[in-house]
Amino acid sequence: MKKEYLYLIIMNLYWGLTQVLMKHILQYMGAATYVFLRFGSAFIVMLIFYLIMRKKVDTTSFKHGLILGIFLGFQTLLNTYSLY
């Protein structure tokens with residue numbers, strides 16, 4: 001198994017766990033804070049991976065991924081507000 005697939009599996013587990021725990025977490029913090037912490041931590045982890053593998057990632061793929069991440073963040077923020 002390539003290590004990139006292992007990284008994707010770990011990130012999926014993290015995102016899945018935070019999705020399941022969202023109901024309980026929102027009792028202690030606001031929706032915007034939760035989304036900021038969730039996406040902020042994912043950004044830091046992905047930035048580390050990007051810096052390690054930056055020669056393999058072209059600029060176009062990076063820009064497309066950034067745009068998709070912004071849309072996903074907005075969708076998650078709306079979803080979290082509706083649950084809050």
Side-chain angles (χ1 to χ4, degrees):
M1 180 187 299
K2 293 184 178 182
K3 64 181 176 179
E4 290 86 6
Y5 291 123
L6 180 63
Y7 295 150
L8 287 173
I9 290 169
I10 291 170
M11 288 304 295
N12 269 332
L13 289 173
Y14 172 75
W15 277 82
L17 181 65
T18 56
Q19 185 71 25
V20 171
L21 295 176
M22 186 186 319
K23 180 179 175 183
H24 301 293
I25 292 172
L26 289 176
Q27 294 176 358
Y28 302 104
M29 69 177 67
T33 305
Y34 168 73
V35 171
F36 176 76
L37 289 174
R38 188 175 181 199
F39 275 79
S41 62
F43 174 75
I44 290 169
V45 170
M46 293 308 294
L47 182 64
I48 292 169
F49 289 143
Y50 173 73
L51 291 175
I52 292 170
M53 301 181 344
R54 71 178 142 206
K55 293 179 183 175
K56 294 181 182 179
V57 179
D58 60 344
T59 307
T60 305
S61 296
F62 181 78
K63 288 179 185 177
H64 290 159
L66 186 64
I67 292 169
L68 288 174
I70 290 169
F71 283 132
L72 180 64
F74 185 67
Q75 179 269 332
T76 303
L77 182 62
L78 291 176
N79 184 31
T80 306
Y81 271 122
S82 68
L83 291 174
Y84 187 66

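Since the model is a prediction, treat every value here as computed from it, not as a measurement.
The side chain to side chain contact (heavy atoms under 4.5 Å, CB included) test applied to L51 returns L47, R54, not counting sequence neighbours.
There is a path of hydrophobic side-chain contacts, each under 4.5 Å, that joins L77 to L21. The hydrophobic clustering, which links ILVMFWY residues whose side-chain heavy atoms are closer than 4.5 Å, places L17 and L26 together. Linking Ile, Leu, Val, Met, Phe, Trp and Tyr residues whenever their side-chain heavy atoms come within less than 4.5 Å leaves F74 and F39 in two separate clusters. Residues I70 and L78 do not share a hydrophobic cluster, defined by chaining ILVMFWY side chains whose heavy atoms lie under 4.5 Å apart. Put simply, I44 and L66 are part of two different groups of oily side chains (I, L, V, M, F, W, Y) that touch within less than 4.5 Å, one to the next.
In terms of heavy atoms, T76 sits closest to V35 at O-CG2, 4.1 Å.
At least one side-chain heavy atom of L72 sits under 4.5 Å from a side-chain heavy atom of Q75.
Note that CD1 of I10 and OH of Y5 are 15.0 Å apart. Values are rounded to the nearest 0.5 Å.
Annotation: side-chain hydrogen bond (donor to acceptor under 3.5 Å, both in side chains) contacts involving residues 30-42, sequence neighbours excluded, comprise Y14-S41, T18-R38, Q19-R38.
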